[in-house]
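Let me begin by presenting the structure, written as structure tokens, before commenting on it.
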Number of protein chains: 2
Amino acid sequence: MSKSKLISPFKPAAHKHQECLQSAIVAAKTHCDAAGIRLTPIRQRVLELVWQNHEPVKAYDILDKLKQAKSSSAPPTVYRALDFLQDEGLVHKIESLNAYVGCGNPKELHKGQFFICHDCGFVAELDDDEIRDLLQKKAKRFGFEINDEMVEIKGYCQECRGSKK
Amino acid sequence: MSKSKLISPFKPAAHKHQECLQSAIVAAKTHCDAAGIRLTPIRQRVLELVWQNHEPVKAYDILDKLKQAKSSSAPPTVYRALDFLQDEGLVHKIESLNAYVGCGNPKELHKGQFFICHDCGFVAELDDDEIRDLLQKKAKRFGFEINDEMVEIKGYCQECRGSKK
DNA sequence: AAATGTTATGTTATAATATAACGTTTATGC
DNA sequence: GCATAAACGTTATATTATAACATAACATTT
Ligand SMILES: [Zn+2]
Ligand SMILES: [Zn+2]
Ligand SMILES: [Zn+2]
Ligand SMILES: [Zn+2]
């Protein structure tokens, strides 16, 4: 069965983001418990910082925040946590921005397709087999076997388009 | 009319690459002449270095080669030339590798879709409206207006798959 | 509990990628 | 020629990411 989920939609500016954050943390704990791996305090803290909003977050911005609690924090602290979170599908890296966003559906490991607004910075995540199938079809024509895919689309979200009028 | 071009296919290991290079330089000169802009010696040299093969080339590798001719070359030399070449559609950046490849069809300004082999490093470039249209369709569903797109696919090319058997 | 293996973190240093800022040279149009 | 803009030179610095090795925390076996 082919799926097409708008996992993380663009959010109204004033939505209850605390709920997004809470459910992301709960989902992460659930995932790690089930997988028998540890969501350590550092990892959880980094995940919270990635989820501080719906914009991609930079590693060194995370580091700055970590330093507020523990001034000896260093780049490896952040990058290790981000690597862990990415491996577990809790966070995605936006390659074209060198920045990180929380995954809205860590239950199934996947690479999403991302739509990023130039104005407000929000990211929407899609998990869409139709896109994957099409890429697969194209690849097949020249015998290419896909094992990783990055789709990052920039533009303007509905809200920002409206306010430009 | 919808286009789907495999602009830069995966090449047999021993193809006549000199011809790829030559035609890229000629195409670049033609383009710049027509546009009334200058393909200066530095820019041409950087373009040649990007086209040294079909693998993405790193900015600092280009810099090292430039230094062989002129030891005072510095990062801005390379990045300015790369910026120019990208603006003119002669070169594409592969965001997920922080590396650059020559465009196989600079006649029409576009963002390609890239297929990159993990083993041999070769890049194939596609310029495909079917992919664009699908992304457009997906974006439309939540009111997103696309103005930039990045599609980078990693995997194994036909040759490398064959040799693994 | 002691010993051991494994995972996670601390710490220092450095690598790799990219841009800012400002001065100088070179091309181009008048 | 001369004014202007474009390109380039140069130095410094910002940003992003990893290497390398030491220590600590946790789990397993004895
Ligand atoms: Zn939210
Ligand atoms: Zn996701
Ligand atoms: Zn070639
Ligand atoms: Zn191209």
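Reminder, nothing fancy here: chain letters follow the sequence lines and each chain counts from 1.
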Next item on the list: Indicate yes or no for a side-chain donor-acceptor contact from A:R132 to the backbone of A:K111 under 3.5 Å, with no hydrogens or angles considered.
Entry: yes
Check: In whole angstrom, what separates B:D61's CG from C:dA15's P?
Finding: 15 Å
Note to self: With a cut-off of less than 4.0 Å, is there a side-chain N or O of B:K58 near OP1 or OP2 of C:dT17?
What the structure shows: yes
Check: In whole Å, what is the span from the CG atom of B:D64 to the C1' atom of C:dA16?
Finding: 12 Å
Notebook entry, point to check: Quick one: is B:K70 getting a side-chain N or O under 4.0 Å of the D:dC8 phosphate, OP1 or OP2?
Noted result: no
Notebook entry, point to check: Tell me, do A:Q52 and A:H17 make a side-chain contact under 4.5 Å, heavy atoms counted?
Noted result: no
Check: What is the nucleic acid contact for A:R80, judged by heavy atoms within less than 4.0 Å: base, sugar-phosphate only, or nothing?
Finding: base
Check: Between B:F84 and B:S72, which has a closest nucleotide on DNA chain D that is more 5'?
Finding: B:F84
Next item on the list: Check whether any side-chain heavy atom of B:I37 lies under 4.5 Å from a side-chain heavy atom of B:H31, and answer yes or no.
Entry: yes
Next item on the list: Give a yes or no on whether A:L126 and A:I146 share a hydrophobic cluster (residues Ile, Leu, Val, Met, Phe, Trp, Tyr; joining criterion: side-chain heavy atoms under 4.5 Å apart).
Entry: yes
Notebook entry, point to check: From the list D:dT18, C:dG10, D:dT11, which nucleotide is the closest neighbour of the side chain of B:P76?
Noted result: D:dT11
Which protein N or O atoms sit under 3.5 Å from an N or O of nucleotides 27-30 of chain C?
unit_1 : atom_1 : unit_2 : atom_2 : d
C:dA27 : O3'    : B:R38  : NH1    : 3.3

Next item on the list: Using side chain to side chain contact (heavy atoms under 4.5 Å, CB included) as the criterion, point out the one residue from B:L6, B:I7, B:N105 that pairs with B:E125.
Entry: B:I7
Check: Is the number of heavy atoms from other residues, nucleotides or ligands within 6.0 Å of NZ (A:K29) greater than 12?
Finding: no
Note to self: Using a 4.0 Å cut-off on heavy atoms, which residues in residues 27-37 of chain A reach DNA chain D? List them by number, or say none.
What the structure shows: none
Check: So what does A:S73 touch, heavy atoms closer than 4.0 Å: a base, only the sugar-phosphate, or nothing?
Finding: nothing
Next item on the list: Determine, step by step, whether B:H15 and B:H54 satisfy the side chain to side chain contact (heavy atoms under 4.5 Å, CB included) criterion, reporting the C-alpha distance in whole Å, the side-chain angles of both residues, the deciding distance to 0.1 Å, and the verdict.
Entry: CA-CA 11 Å; B:H15 77 286; B:H54 293 268; 3.2 Å; yes
Margin query: Whole angstroms only, please: what is the CD1-C1' distance between B:I42 and C:dT25?
Written below: 12 Å
Check: Closest to the A:A74 side chain: D:dT18, C:dT11, D:dT10?
Finding: C:dT11
Check: With distance as the sole test, does A:Q22 use its side chain to make a donor-acceptor pair with the main-chain N or O of A:E19 at under 3.5 Å?
Finding: no
Margin query: From C-beta outward on A:P75, which listed nucleotide comes closest to its side chain: D:dA20, D:dA17, C:dT19?
Written below: D:dA17
Next item on the list: Give a yes or no on whether B:V101 and B:Y60 share a hydrophobic cluster (residues Ile, Leu, Val, Met, Phe, Trp, Tyr; joining criterion: side-chain heavy atoms under 4.5 Å apart).
Entry: no
Notebook entry, point to check: Counting side-chain heavy atoms from C-beta on, which of C:dA18, D:dT18, D:dC8 comes nearest to A:Y79?
Noted result: D:dT18
Item checked: B:T77 versus B:K70, side-chain donor and acceptor atoms under 3.5 Å -> no
Note to self: Under a plain distance cut-off of 3.5 Å, with no hydrogens placed, do B:H92 and B:E152 share a side-chain donor-acceptor pair?
What the structure shows: no
Note to self: When you group the ILVMFWY residues by side-chain heavy-atom contacts below 4.5 Å and let the links chain together, are B:L135 and A:F10 in the same group?
What the structure shows: yes
Notebook entry, point to check: Just wondering, do B:Y60 and C:dT17 stack (centres under 5.5 Å, planes under 30°)?
Noted result: yes
Notebook entry, point to check: Quick one, which residues of residues 89-100 of chain B touch DNA chain D with a heavy atom under 4.0 Å?
Noted result: none
